[in-house]
Student: 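Let me give you the structure first, and then I'll get to my questions.
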Amino acid sequence: MGEAMKRSEINDIMAKADDFMRSFGFVMPPFAYWSPGEFVDRKDTARAVIDGRMGWDITDYGQGKFDGLGLFLFTLRNGRLSDLQKGGGMCYAEKLLISKTDQISPMHRHYLKAEDIINRGGATLAIELFGSAEDGSCDPNAGGTVMCDGIVRDFAPGEVLRFAPGESVTLMPGDWHAFWGEGGDVLIGEVSTVNDDETDNWFREPLGRFAEIDEDVDPTHLLVSDYGKWLG
């Protein structure tokens, strides 16, 4: 484990991310700007936000190297696993992400989630891909097939696909992927089936999904990983 992220650093990342998203015309929903106290006061009417773990999510994967190994995310909406299991209802989720220049989101796959990863603006989005072995692990010798804006594309093991603003890729459960911004920071959209970051991430290396936090200052806004402590 690396050093914990300081809360002051997280507050600063939030502010800069909000400016970056607004520069492309994206504005967060009202609950994004609640103070911790406002969230506590509204927690009874905001159960869908809390239970769906919608909101701010900043991670260094527990390694203490955010600029090199990290990701900014904001979950805008998230459905219900029970609806997905019964085959009807709110079966979808949506996020905005920011990958900084050469900031790696490490190699991982999902057990359940299918997702469209969309370059919403900025520099080039680079995505490295592998297929799965029979046991589901990352197979260094396996390629596969993905859909890029509806067009079938084969990839070789470890091939890096690059996406300009407006371009996207559809990743299915079992598609191993890592990604980063190339030549600058990238605003990324994610549209997917129901999202569960507690149980639906399988990392190739032993990593944590959420950051450890050094509470050197008060939070400007709560992270989804703060909800258990603050909101019950």
Student: With a 4.0 Å cut-off on N to O distance, would you call Asp216 and Arg7 a salt bridge?
Tutor: no

Student: Is there a side-chain contact between Phe66 and Gln103, using heavy atoms and a 4.5 Å cut-off?
Tutor: yes

Student: Would you call the rings of Tyr61 and Phe203 parallel, tilted or perpendicular, taking 30° and 60° as the class edges?
Tutor: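 Ring orientation, 0 to 90° scale: perpendicular.
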
Student: Determine the minimum heavy-atom distance between Leu96 and Met21, stating which atoms define it.
Tutor: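 Smallest interatomic distance, heavy atoms only, reads CD1-SD, 3.8 Å.
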
Student: Keeping Asn119 on the side-chain end and Ala123 on the backbone end, is there a donor-acceptor pair under 3.5 Å?
Tutor: yes

Student: Has Arg109 got a side-chain atom pairing as donor or acceptor with Phe130's backbone, closer than 3.5 angstrom?
Tutor: no

Student: Could you check whether the rings of Phe39 and Trp34 sit parallel, tilted or perpendicular, using 30° and 60° as the cut-offs?
Tutor: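 Rings of Phe39 and Trp34: perpendicular, over 60°.
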
Student: Please walk me through it: do Asp197 and Val224 pass side chain to side chain contact (heavy atoms under 4.5 Å, CB included)?
Tutor: CA-CA 10 Å; Asp197 283 320; Val224 294; over 6 Å; no

Student: Side-chain heavy atoms under 4.5 angstrom apart, residues restricted to Ile, Leu, Val, Met, Phe, Trp, Tyr: same cluster for Ile117 and Met147?
Tutor: no

Student: Distance-only, no hydrogens or angles: does the Tyr227 side chain make a donor-acceptor pair with backbone N or O of Met54 under 3.5 Å?
Tutor: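 Side chain of Tyr227 to backbone of Met54, a donor-acceptor pair under 3.5 Å: yes, one is there.
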
Student: Test side chain to side chain donor-acceptor pair (under 3.5 Å) on Asn195 and Ser192 and set out the steps.
Tutor: CA-CA 7 Å; Asn195 180 79; Ser192 73; 5.1 Å; no

Student: Identify the two heavy atoms, one from Gly166 and one from Asp149, that lie closest to each other, and give their separation to 0.1 Å.
Tutor: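 Taking Gly166 first and Asp149 second, the nearest heavy atoms are O-OD1, 4.0 Å.
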
Student: Could you state whether Phe72 and Phe20 fall into the same hydrophobic cluster, counting links through intermediate Ile, Leu, Val, Met, Phe, Trp or Tyr residues with side-chain heavy atoms under 4.5 angstrom apart?
Tutor: yes

Student: Which residue is it: Phe31, Trp230, Trp56? I am looking for the one with a ring pair (Phe, Tyr, Trp, His ring centres under 6.0 Å) to His221.
Tutor: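 Testing His221 for a ring pair (Phe, Tyr, Trp, His ring centres under 6.0 Å) against Phe31, Trp230, Trp56 leaves exactly one candidate, Trp56.
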
Student: Do Ser99 and Ile188 come within less than 4.5 Å of each other through their side chains, counting heavy atoms only?
Tutor: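 Yes, at least one pair of side-chain atoms sits under 4.5 Å.
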
Student: What is the minimum heavy-atom distance between Met90 and Asn78, and which atoms define it?
Tutor: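 Between these two residues, the closest heavy atoms are CE-O, 3.5 Å.
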
Student: Can you confirm whether the side chains of Asp116 and Thr170 place a donor and an acceptor under 3.5 Å from each other?
Tutor: yes

Student: Output yes when Arg209 and Asp57 qualify as a salt bridge under the 4.0 Å nitrogen-oxygen rule, no when they do not.
Tutor: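 Salt bridge flag = yes for Asp57 with Arg209.
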
Student: Do other residues, nucleotides or ligands put more than 12 heavy atoms under 6.0 Å from the OH atom of Tyr92?
Tutor: no

Student: Drop me the distance from Leu112's CG to Thr199's OG1, to the nearest 0.5 angstrom.
Tutor: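 Between atom CG of Leu112 and atom OG1 of Thr199 there are 8.0 Å.
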
Student: From Leu73 CG over to Leu97 CG, what is the distance, rounded to the nearest 0.5 angstrom?
Tutor: 4.0 Å

Student: Considering non-hydrogen atoms only, spot the tightest contact between Asp226 and Ile213 and give its length.
Tutor: OD1-CD1, 4.3 Å

Student: Does Cys91 form a side chain to side chain contact (heavy atoms under 4.5 Å, CB included) with Leu84? I'd like the steps, not just the answer.
Tutor: CA-CA 5 Å; Cys91 301; Leu84 189 63; 3.8 Å; yes

Student: How long is the straight-line distance from CD1 of Ile127 back to OG of Ser105, given to the nearest 0.5 Å?
Tutor: 10.0 Å

Student: Is any side-chain heavy atom of Met14 less than 4.5 Å from a side-chain heavy atom of Met28?
Tutor: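 Result no, sub-4.5 Å side-chain heavy-atom pair not found.
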
Student: With side chains defined as the heavy atoms from C-beta onward, is the minimum distance between Pro29 and Leu76 less than 4.5 Å?
Tutor: yes

Student: Quick one: closest heavy-atom pair of Thr75 and Lys95, and the distance?
Tutor: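 Smallest heavy-atom distance, with atoms named: OG1-CE, 3.4 Å.
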
Student: Strictly below 4.0 Å, N to O, side chains only: are Asp44 and Arg47 in salt-bridge contact?
Tutor: no

Student: Are Trp202 and Phe179 connected into the same hydrophobic cluster when the rule is that any two of I, L, V, M, F, W, Y join if their side-chain heavy atoms are below 4.5 Å apart?
Tutor: no

Student: Are side-chain heavy atoms of Pro173 and Tyr111 found at a separation under 4.5 Å?
Tutor: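 Sidechains of Tyr111 and Pro173: no contact.
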
Student: May I ask you to test the Glu128-Glu159 pair for a side-chain heavy-atom distance under 4.5 Å?
Tutor: no

Student: Quick one: are Cys148 and Val169 in side-chain contact, heavy atoms under 4.5 Å?
Tutor: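 The answer is yes; the side chains approach within 4.5 Å.
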
Student: Given the rule that I, L, V, M, F, W and Y join up when any side-chain heavy atoms are under 4.5 Å apart, are Ile118 and Ile98 in one cluster?
Tutor: no

Student: Any heavy-atom pair between the side chains of Trp176 and Ser132 that's under 4.5 Å?
Tutor: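 Yes; the side chains approach each other to less than 4.5 Å.
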
Student: Would the Tyr33 and Phe74 ring centres measure less than 6.0 Å apart?
Tutor: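 No, the ring of Tyr33 stays outside the 6.0 Å limit from the ring of Phe74, centre to centre.
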
Student: Verify the cluster assignment for Leu71 and Leu207: are they in a single hydrophobic cluster under the rule of side-chain heavy atoms below 4.5 Å apart?
Tutor: yes

Student: Please round to the nearest 0.5 Å and tell me the distance separating atom OG1 of Thr59 and atom CZ of Phe210.
Tutor: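 Between Thr59 OG1 and Phe210 CZ, I get 7.5 Å after rounding to 0.5 Å.
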
Student: Ignoring hydrogens and angles, tell me if any N or O in the side chain of Asp154 forms a donor-acceptor pair with the backbone of Thr145 under 3.5 Å.
Tutor: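 Checking the backbone N and O of Thr145 against the side chain of Asp154, no donor-acceptor pair under 3.5 Å is found.
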
Student: Would you say the side-chain atoms of His177 pair up with the backbone N or O of Met107, donor to acceptor, closer than 3.5 Å?
Tutor: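 No; zero donor-acceptor contacts below 3.5 Å.
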
Student: Evaluate Asp175 against Val146 for side chain to side chain contact (heavy atoms under 4.5 Å, CB included), listing each step before the verdict.
Tutor: CA-CA 9 Å; Asp175 290 335; Val146 291; 4.0 Å; yes

Student: To check you understand the geometry: which heavy-atom pair defines the closest contact between Met172 and Ala114, and what is its length?
Tutor: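 Residues Met172 and Ala114, closest heavy atoms: SD-CB, 3.9 Å.
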
